[in-house]
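Predicted, not measured: the structure shown is a model, and the values here were computed from it. A note on names: the letters A, B, ... follow the listed sequences, proteins ahead of strands, and every chain is numbered from 1.
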Amino acid sequence: MRTNQPQDLRVSTTFRRATFWTVVLPLAATVLIAGSFSACHRAAPSASTGNGANDRPWFEDVTARSNVDFEHTSGYDGHYWFPEISTGGVGLFDYDGDGYLDLYFVQGGSLDPSPTAAPGNKLYRNRGDWTFEDVTEIAGVGDAGYGMGCTAGDYDEDGDLDLYVTNVGPNVLYRNNGDGTFTDVTAQAGVGDDGWGSSCTFVDYDGDGYVDLFVANYINWSRGQELECYSRVGRRDYCSPKNYNASARDTMYRNLGDGTFEDATTSSHLSQAFGNGFGIACADYNGDGHLDFYVANDGTANQLWMSDGSGRFTEEALISGCALNHYGWAEAGMGVAAVDIENDGDFDLFMSHLHEETNTFYLNRNGKFEDATSVMGLGAPSLGFTGFGLGFADFDHDGSVDLYVANGRVKFAERQYDPDDPYAEPNLLFRGSETGQFQEVMPRGGTSTLLAATSRAAAFGDLDNDGDIDIVVANKDGRPHLLSNIIDSPNNWIMFRVLNRRGGDAVGATVRIDVADRIQWRIVQRTYSYCASNDPRIHYGLGPAQQVDAVTVRWPGGREESFGSFAAGQIYELRERATQ
Amino acid sequence: MGVIALLGVTVLGVGGYLGWRWLAAAPEVVIPSDADQLHPQFRSYVSPYIQRVREAPRDADQHATLGLVYEANELWPEAQGCFRNAVELDPLQPLARLHLAIATQNLGDSAGALAVLRGTVQQFPGFAFAHHRLGDALLETGAIQEAESAFRQVIEFAPTAPEGYMGLADVKLRTRDFARAAELLERALELRRGDRSASYLLGLAYGGLGRRADAQRELNRGANSGKKYMIDPWTRELPPHAKGVPRQMRRALAYMNAGRHAEAARFFEETLGWHPRNVDVMNNLAIVYMRLGQLEKARDMLLRAERTNYDRYATYVNLSTCHMRLGEVREALEYADRAVTVAPKVAQTHRIRARCLLRFQRNDDAVEALQIAARLNPKDSALHMQLGNLCTQLNRDTEAKEHYRNATIQAPSLLQAHLSLGDVCLRLEELDEASTALAAAQRLAPNDPKVSSLANRLSGFENRR
């Protein structure tokens with residue numbers, strides 16, 4: 001008998017006596033079966049569960065030949081400061097208006113308060129041929145705060161994209177001067193939130209025509225609050241946000257239209273809830289014409305801020321079914337995206353989570369969300385990974401969106417993919433289908449060589465304007481991965497840049513296309529994933545179709561506008577017409 | 001003759017099988033490949049279990065026990081190896097198979113875990129624990145019909161366990177049969193009153209049925225419950241095997257919360273022996289010493305914590321408390337100031353400072369400190385109540401009203417908040433709000449004498465007018 005057995009073990013002993021008569025004797029005559037059964041469980045389990053349906057890589061890592069020399073550092077010095085485990089943001093935005101997405105990497109740096117030559121963020125100009133030029137110094141955007149994320153938007157309506165950077169500490173707003181340089185206008189604009197910012201987005205939440213600024217805040221943390229945490233077997237490790245019990249409020253800055261913002265956190269009612277905010281997905285979730293915000297919180301209930309159209313929000317995640325997972329558990333929300341997977345015109349939610357939690361897909365049913373993770377095939381494959389950045393795009397142009405998830409642990413684990421980085425994990429690529437189900441693509445992550453890193457942000461966009469979606473992954477304590485889409489697909493595509501009346505990207509507008517007998521919906525959004533700013537252009541795979549029969553845009557506010565048919569294989573602009 | 005021959009063949013077969021197994025090499029003892037990197041406390045704990053396997057390598061139970069030690073500490077590859085050995089040595093022990101599946105699942109091999117579970121229920125059809133795990137694993141893969149069958153087996157073989165009903169209800173939720181899901185979950189709650197997981201699922205079912213108020217109530221009840229498995233006998237054995245600091249801290253804190261301070265102190269002291277630089281353990285140990293009245297011992301422990309890490313606010317908060325209890329108010333305030341300096345955004349530091357300031361009769365400064373704390377943590381109804389009470393004492397009724405009102409917003413079921421709000425409104429002659437507060441209090445506790453007292457005073461006031 002086993003030692004130190006409690007009385008409860010009698011249950012199993014009794015069970016064994018019972019099974020002896022019902023199982024053992026009948027089996028005695030078939031000993032060979034028993035022997036083979038025993039043997040079959042000696043087989044080592046396989047770690048990968050992909051279907052292997054496609055064995056050609058979808059992406060090529062072109063970092064080495066791109067001239068991008070950015071190397072992220074978390075500043076790890078043996079103290080296990082909490083911010084070190086989640087830093088690593090990236091933004092794609094065309095800062096110089098040449099039509100190509102440029103790269104902005106957000107650096108961690110150092111949490112040591114003593115003055116050091118902290119490495120800063122970096123901006124790389126896209127030359128259009130998968131090579132880039134470091135223009136950080138000229139542009140003046142090398143903020144050396146302890147960085148998390150960024151977003152781009154034209155807050156001053158001068159026709160170029162400005163840049164907002166979130167930090168562990170004061171955030172920074174860079175105004176684009178239109179000549180390749182930026183000016184730090186944080187103080188005069190009044191947006192230097194000194195909390196621990198993460199994802200952020202420029203969106204006109206009150207419909208006054210000016211883009212406002214929503215900043216997710218992670219936790220009220222300072223070095224003085226740091227704790228000592230350990231792995232289950234006693235190794236020193238990073239803490240969980242739950243250890244600190246110091247959830248934060250998110251911040252809403254209302255654009256006053258004169259280059260300044262006011263803190264509207266209280267007047268918008270955002271001050272009424274706390275969480276550990278990491279990801280933001282902005283869309284009209286109940287179809288009332290007003291833009292709502294969903295915030296993925298790490299270990300606390302997610303928030304669904306439903307807009308009443310007057311600049312005030314009500315938090316309705318719990319009753320809407322997307323605060324907690326299907327079992328009522330507040331999962332470790334990292335990245336999040338709004339996507340219409342059923343092409344029914346309402347926006348569903350997908351978010352990435354911690355190891356041992358599945359990533360979660362919430363289907364939107366008339367404003368109520370249902371956890372459909374497992375039926376979509378996204379549950380089991382994600383259980384072994386900690387997901388951060390993520391994005392849906394039709395990478396192979398077959399008419400169904402696919403999914404890419406960037407992974408990297410936050411806790412030390414025994415199985416290691418990289419002996420030099422105990423937190424490294426491979427990323428996952430899933431192929432979508434018309435039925436809404438996903439299957440993992442092999443080779444894992446879609447690259448010919450397995451890329452294992454502690455990935456954080458992932459940003460999505462067409463970096464070479466060839467009509468397919470590429471990916472940039474920011475890796476903690478490592479170099480990024482620039483993944484060029486190399487699928488040799490016979491299918492067609494189409495892209496739109498959707499502009500409002502003032503010529504800015506119409507963030508929050510939804511676009512429906514009719515192709516043959518199919519409909520596809522997309523939303524114009526820069527902010528999804530994790531601490532990332534993405535290509536706001538909307539992209540569709542068309543399968544074999546040669547043209548789009550009709551395009552309908554639902555502008556923020558609810559007004560719809562129809563556009564004509566468009567031939568496939570081009571990038572178009574859709575501009576909002578003045579109301580009659 | 002035929003029967004005798006068959007019996008003979010069977011006996012020969014069994015004998016041959018047992019002989020073959022005896023002659024076969026014993027499975028190797030599973031030792032972590034990076035044992036030297038594991039914490040000494042864990043190494044020390046696991047060593048005798050490894051030794052027992054070495055001494056009895058064909059004893060399935062010893063392999064299984066070692067597997068449980070690894071499982072409790074989330075060393076999943078090692079746990080999987082041990083349970084695989086246990087299954088090989090004793091194929092008729094279903095619990096070893098169940099835990100082999102658990103380890104396999106935790107290694108991310110869902111298909112492997114499913115295969116083990118399917119094999120287990122095939123061989124042990126009455127083993128409800130495996131049916132339940134199988135149902136859950138099938139749900140994760142989207143095999144809803146097969147999952148339904150598994151949960152029906154759970155209900156058949158463990159009819160008094162709510163988990164089968166909850167699993168089946170989960171299936172019904174996923175197929176949008178909300179009415180049937182609600183029935184099953186109501187049954188589950190009959191079997192285990194107050195089960196929060198069942199409440200959450202019931203909230204989803206009511207939501208699907210459009211019963212918004214019922215849904216809100218059940219979702220609130222079930223929030224943060226999480227997925228629960230049927231607890232099998234071996235899983236019950238896991239907690240004492242968990243040797244990581246978090247688990248040990250939880251156990252010690254449980255003793256503390258139960259008022260068993262001496263046992264908590266022993267636990268923390270043992271943990272500190274293994275983790276001599278862990279400031280959290282030192283702080284908790286100091287708190288226990290304070291509760292045991294051993295104030296000087298507590299102070300010494302906190303000073304050790306300060307020497308170990310000089311910028312931890314919790315140490316200064318506790319030092320302030322300790323000195324306050326020692327009657328050393330000046331030192332208490334100094335440590336409170338230090339706590340604020342180290343963690344100015346933590347409400348607790350301002351709160352402890354306010355407490356010191358009050359001892360110095362610096363009431364206005366105390367109010368200011370508490371107001372900072374309330375701004376930093378506006379959800380804390382107790383803080384609003386404290387501020388309200390203090391402002392009341394200082395005859396700052398208008399401010400007191402605001403704080404009591406905030407307390408009622410943050411804790412709508414806090415009777416005293418409504419009563420205090422009613423009182424202060426009466427003093428301010430704001431009868432409408434006093435009536436509102438009274439109505440809220442009457443809803444919460446219609447027969448409470450304090451509620452009646454407020455009602456009488458309000459009535460008297462109205463009559464006088």
| task | Hey, could you give me the OG/CZ distance between A:S271 and B:R375, rounded to the nearest 0.5 Å? | result | 13.5 Å
| said: Contact between B:V342 and A:R223 at the side-chain level, heavy atoms closer than 4.5 Å - yes or no? | reply: no
| Distance (rounded to the nearest 0.5 Å) between B:L139 CG and A:T373 OG1 | 11.5 Å
| task | Kindly indicate whether the side chain of B:R174, heavy atoms from C-beta on, has any atom under 4.5 Å from the side chain of A:E370. | result | no
| request: Pick whichever of A:Q437, A:R365, A:K368 has the most heavy-atom pairs under 4.5 Å with chain B. | output: A:R365
| Counting only heavy atoms not in B:I231, do more than 12 sit closer than 6.0 Å to its CD1 atom? | no
| query | Taking side chain as C-beta onward, heavy atoms only, is A:V375 less than 4.5 Å from B:I144? | reply | yes
| query | Checking A:D237 against chain B: side chain, backbone, both or neither under 4.5 Å from a heavy atom? | reply | neither
| message | Within this structure, what is the OG-CG distance for the pair A:S374 and B:D136, rounded to the nearest 0.5 Å? | response | 9.5 Å
| query | Would a 4.5 Å heavy-atom cut-off, applied to side chains only, mark B:D311 and A:Q225 as touching? | reply | no
| Can you name the closest pair of heavy atoms from A:E228 and B:N278 and give their distance? | OE1-CA, 3.0 Å
| field | Heavy-atom side-chain proximity of A:R249 to B:P378 below 4.5 angstrom | value | yes
| task | Pick one of side chain, backbone, both or neither for A:A330, based on which atoms fall under 4.5 Å of a heavy atom in chain B. | result | both
| said: Using side-chain heavy atoms (C-beta onward) and a distance below 4.5 Å, is A:L324 in contact with B:N224? | reply: yes
| said: Within the structure provided, determine whether A:S222 and B:Y313 are in side-chain contact (heavy-atom separation under 4.5 Å). | reply: no
| field | Interatomic distance, B:L201 atom CG to A:H326 atom NE2 [nearest 0.5 angstrom] | value | 5.5 Å
| query | Closest heavy-atom contact between B:L219 and A:L318? | reply | CD1-O, 3.4 Å
| request: State the OH-CD distance between A:Y230 and B:Q248, to the nearest 0.5 angstrom. | output: 11.5 Å
| field | Minimum heavy-atom distance between A:Y327 and B:S225, given as atom pair plus value | value | O-OG, 3.1 Å
| request: With rounding to the nearest 0.5 Å, note down the distance linking NZ in B:K227 to OG1 in A:T358. | output: 7.5 Å
